[in-house]
K.L.:
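Mind having a look at this structure? Questions to follow.
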Amino acid sequence: MLFRSKEIVNSVSVPVIGNGGIASKEEADNMIKETGVAGVMIGQALLNNPRLIDEPNADPVELAREYLKLN
């Protein structure tokens, strides 16, 4: 999967967003580093762990309150 993403990034002149199976910040960082994508999308993993893209020790209740304020 990473090889194909790198191939796509190298063959187009627009930013490419990586997607699929990202389950940790380390995996997202690795995809960006290895393929050169401009960013990554994270979906299912956030349903299981909303703190994935925030501070690892963040209070989940405070995160929920912040989310509700935004909507």
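Values reported hereafter were calculated over all heavy atoms of this structure, with side chains retained and with hydrogens, waters and symmetry mates removed.
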K.L.:
Give me the atom names and distance for the closest heavy-atom approach of P15 to A38.
P.N.:
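Reported closest heavy-atom pair: CB-CB, 3.8 Å.
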K.L.:
When you group the ILVMFWY residues by side-chain heavy-atom contacts below 4.5 Å and let the links chain together, are V9 and V12 in the same group?
P.N.:
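Yes; tracing contacts between hydrophobic side chains, which count when under 4.5 Å, links both residues.
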K.L.:
In terms of hydrophobic clustering (I, L, V, M, F, W, Y; side-chain heavy atoms under 4.5 Å; direct or indirect links), are V37 and V14 co-clustered?
P.N.:
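Yes: a chain of side-chain contacts under 4.5 Å links V37 to V14.
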K.L.:
Should the pair D29-K25 be classified as a salt bridge under the 4.0 Å nitrogen-to-oxygen rule?
P.N.:
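Salt bridge: yes.
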K.L.:
Write down the atom of E34, the atom of K6, and the distance for their closest heavy-atom approach.
P.N.:
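In terms of heavy atoms, the two residues are closest at O-CD, 3.5 Å.
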K.L.:
With side-chain contact (heavy atoms from CB on, under 4.5 Å) as the criterion, how do M41 and I22 come out once you've worked through the C-alpha distance, each side chain's angles and the decisive distance to 0.1 Å?
P.N.:
CA-CA 8 Å; M41 290 190 282; I22 302 296; over 6 Å; no
K.L.:
Consider side-chain contact (heavy atoms from CB on, under 4.5 Å). Of N19, I32, N30, which one does V40 pass it with?
P.N.:
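For V40, the side-chain contact (heavy atoms from CB on, under 4.5 Å) check succeeds only for I32.
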K.L.:
Do you know which two heavy atoms are closest between L46 and I42, and how far apart they sit?
P.N.:
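Reported closest heavy-atom pair: CD1-O, 3.5 Å.
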